[in-house]
Amino acid sequence: MNFVKRAALSLVARRAKTSLLLGIFLVICTLLLGGFLLQGATSRQEAEAQRRIGVDVTVRGDRLTLATAAALGSSPLVERYNPLLRGAAKPSGLTPLTSDVPKPDDSKPDDATEGAGQDGLMLNGIRDSEMLLDFASGRSRIVAGRALTEKDAGRRVVLIEQRLAEKNELKAGDTVGLRSSDGRRTETFEIIGLYEDPRPAPSQWVAPSELIANQVYAPAPAVSALGFGTKPSTAVFKIGSPERAERLHAEAARVLGGDGFRFDVNDKAFRDQVLPLRRVGTFAGSLLWLIALSGAVILGLIVLLTIKERRDELGMLLALGEKKWKLIAQHTVEVTALLLPALALASLGAQSFAEEAGETLLAREEHTASLPEVRMEAADLGRVAGIGLGISLVATVVPGVGILRLHPRSILTHTE
């Protein structure tokens with residue numbers, strides 16, 4: 001009789017043993033599939049967090065210029081960068097907001113705050129407004145028009161605060177004039193967007209250029225052309241992970257020359273979001289190994305006991321001339337045949353298991369509020385099927401080595 005047919009008949013005849021093996025396989029497949037789903041979900045969430053949050057590196061130094069910032073920003077380690085070139089500009093045909101609090105000691109004006117610093121606007125030369133902390137955190141938002149991007153580098157455009165626009169009856173698409181602090185240069189800028197910053201005015205007097213509502217953003221080259229130089233106070237570089245920071249530091253030393261610069265890494269937001277996901281992913285990976293090893297051991301012990309219980313059957317088959325490898329193959333088929341129904345049943349409950357496990361694990365993490373999306377894919381089922389097949393082979397072939405030592409006469413006479 002064909003050993004595959006004998007395997008099928010054996011499974012039907014030994015329903016209790018078949019149910020036990022099916023139950024064990026179901027648990028193994030469910031845990032394995034749940035582990036793969038959780039691992040895949042955390043990997044996708046980590047990649048999304050790296051893309052969305054990243055790590056900010058702030059560089060300061062005397063040798064930092066718009067050109068060196070651009071050179072460092074072109075490094076493959078850098079995803080986005082943003083220099084900050086500031087200067088107090090005098091408006092032309094535009095009235096800045098002023099503090100509601102009276103200026104102290106008006107009879108003795110402070111020369112340091114006179115002129116553009118007192119009655120002007122603070123012009124911030126940048127490359128990408130979405131990289132600014134206020135915009136990235138959601139505290140400030142665009143309410144009309146659009147944000148300032150790297151594509152605006154060669155244009156004369158500005159982003160102004162909503163309160164300043166309302167006072168001067170301006171809207172996106174209008175133009176404003178800005179003069180350099182010495183009044184020698186005047187440029188016309190187009191308003192491409194209005195933003196809202198909900199922070200209230202300070203409770204003490206400050207110069208108009210320091211008021212939140214008087215912060216104007218423009219492309220750094222346009223601010224430089226207005227007479228504010230080429231040396232930004234800082235440059236922020238967004239990298240994918242903290243592991244890139246050391247390599248970027250070496251690159252900054254090459255571009256800026258020596259160590260005459262300050263290099264600060266701000267990866268708190270990255271660590272708060274990504275590290276908990278990595279811990280869950282590591283746990284899921286360890287769980288997969290533990291399940292695979294323990295499953296192989298448990299099934300191997302059951303098969304070993306089954307072989308001992310069926311010594312008479314094996315001895316009879318050997319006496320009839322059946323090959324020993326076919327007896328091992330029969331046990332392998334019996335166990336492997338249960339893999340497909342177990343995997344089909346596991347696919348129904350593994351996603352719920354992964355979601356519950358993820359919620360339980362991430363609930364212990366302080367900064368991770370949302371559960372990663374758990375999504376089942378064909379590749380996950382394929383990996384579980386492959387591991388299940390490997391477990392079946394190990395659990396049957398290893399105990400089946402004992403069949404090779406069997407002799408029909410010793411079995412049938414119950415002697416060794």
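The closest side-chain donor-acceptor pair between Asn214 and Glu161, if any, does not fall under 3.5 angstrom.
At least one donor-acceptor pair under 3.5 Å links the side chain of Ser180 to the backbone N or O of Arg185. Glu251 places no side-chain N or O within 3.5 Å of a backbone atom of Arg247 that could act as its donor or acceptor partner. Between the side chain of Asp128 and the main chain of Glu130, a donor-acceptor pair closer than 3.5 Å is present. Using modelled atom types, no side-chain atom of Ser92 and backbone atom of Gly177 make a donor-acceptor pair closer than 3.5 Å. Here the side chain of Ser75 pairs no donor or acceptor atom with the backbone of Leu72 at under 3.5 angstrom. Under the 3.5 Å distance criterion, the side-chain polar atoms of Arg63 are matched with a main-chain donor or acceptor of Leu256. Under the 3.5 Å distance criterion, the side-chain polar atoms of Asn124 are matched with a main-chain donor or acceptor of Met122. No side-chain donor-acceptor contact under 3.5 Å links Ser224 to the backbone of Ala220.
Evaluated for a side-chain contact (heavy atoms from CB on, under 4.5 Å) with Tyr195, the options Gln215, Gln162, Arg141 yield exactly one hit, Gln215. Here the options are Leu94, Leu194, Leu164, the test is side-chain contact (heavy atoms from CB on, under 4.5 Å), and the partner is Leu170; only Leu94 passes.
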Exercise for the section: Please assess Leu178 against Val158 for the test side-chain contact (heavy atoms from CB on, under 4.5 Å), listing each intermediate value before the final yes or no. Expected result: CA-CA 10 Å; Leu178 295 176; Val158 290; 4.2 Å; yes

Handout entry: From CA spacing to verdict: side-chain contact (heavy atoms from CB on, under 4.5 Å), His249, Arg244
Key = CA-CA 9 Å; His249 185 275; Arg244 296 184 178 183; over 6 Å; no

Practice task
Evaluate side-chain contact (heavy atoms from CB on, under 4.5 Å) for Leu133 paired with Asp56, printing each intermediate quantity in order.
Solution key: CA-CA 10 Å; Leu133 180 61; Asp56 288 341; 5.9 Å; no

Problem - Leu64 and Phe261: CA distance, side-chain angles, deciding distance, side-chain contact (heavy atoms from CB on, under 4.5 Å) verdict - result: CA-CA 8 Å; Leu64 180 66; Phe261 62 92; over 6 Å; no

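Distance check, rounded to the nearest 0.5 Å: CZ of Phe189 to CG of Asp174 gives 15.5 Å. Atom CG of Leu159 sits about 11.0 Å away from atom OG1 of Thr149, to the nearest 0.5 Å. From Ser209, atom OG reaches atom CZ of Arg86 across 8.5 Å, with rounding to the nearest 0.5 Å. Interatomic distance, CD of Glu246 versus CG of Leu77, reported as 11.5 Å (0.5 Å rounding). Note that the OG atom of Ser233 and the CG atom of Leu85 stand 7.5 Å from one another [nearest 0.5 Å]. Once rounded to the nearest 0.5 Å, the distance linking CZ of Phe25 with CD1 of Ile298 reads 11.5 Å.
Between Ile126 and Leu84, some side-chain heavy-atom pair lies under the 4.5 Å cut-off. When side chains are defined from C-beta on, Val55 counts as touching Val265, because their heavy atoms get closer than 4.5 Å. Taking 4.5 Å as the limit, every side-chain heavy atom of Ser203 sits out of range of all side-chain heavy atoms of Val101. Between Ile142 and Phe135, the closest side-chain pair of non-hydrogen atoms falls below 4.5 Å. No side-chain heavy atom of Asn266 sits less than 4.5 Å from a side-chain heavy atom of Val57. With a 4.5 Å cut-off on side-chain heavy atoms, Thr188 and Val176 do not count as touching. Annotation: side chain of Leu123 is in contact with side chain of Leu226 (closest heavy-atom distance under 4.5 Å).
Summarising the geometry of Pro208 relative to Leu97, their closest heavy-atom pair is CB-O, 3.5 Å, with the distance given to 0.1 Å. Shortest non-hydrogen contact noted between Tyr217 and Leu132 is CE2-CD1, 3.5 Å. Considering every non-hydrogen atom in both Phe36 and Leu288, the closest pair reads CE2-CD1, 3.6 Å. In this structure, Ile291 and Leu31 approach most closely via the heavy-atom pair CD1-CB, 3.0 Å. In terms of heavy atoms, Cys29 sits closest to Leu339 at SG-CD1, 3.9 Å. Residues Leu211 and Val206 approach most closely at CD2-CG2, 3.4 Å, considering heavy atoms.
With respect to the salt-bridge test (charged N to carboxylate O, under 4.0 angstrom), the residues Asp197 and Arg139 do not qualify. The existence of a salt bridge linking Glu190 and Arg155 is confirmed by a sub-4.0 Å separation between a basic side-chain nitrogen and an acidic carboxylate oxygen. Electrostatic pairing of Asp152 and Arg127 does not count as a salt bridge here, judged by no charged N lying under 4.0 Å from a carboxylate O. Ion pairing between Arg163 and Glu166 fails under the 4.0 Å rule for side-chain N and carboxylate O. A salt bridge links Arg60 to Asp264: one of the charged nitrogens lies within less than 4.0 Å of a carboxylate oxygen.
Using the six-membered ring where Trp is involved, Tyr81 and Phe237 have ring planes that are parallel, under 30° apart on the 30 and 60° scheme.
Thr68 is linked by a side chain to side chain donor-acceptor pair (under 3.5 Å) to Thr65, counting only residues two or more places apart in sequence or in another chain.
Atom NZ of Lys231 sits in a sparse spot, with 12 or fewer heavy atoms from other residues, nucleotides or ligands closer than 6.0 Å. Under a cut-off of 6.0 angstrom, the local environment of CD in Glu169 is sparse, with at most 12 non-hydrogen atoms contributed by other residues, nucleotides or ligands. Counting heavy-atom neighbours within 6.0 Å of Arg199 CZ, excluding the residue itself, gives a total above 12.
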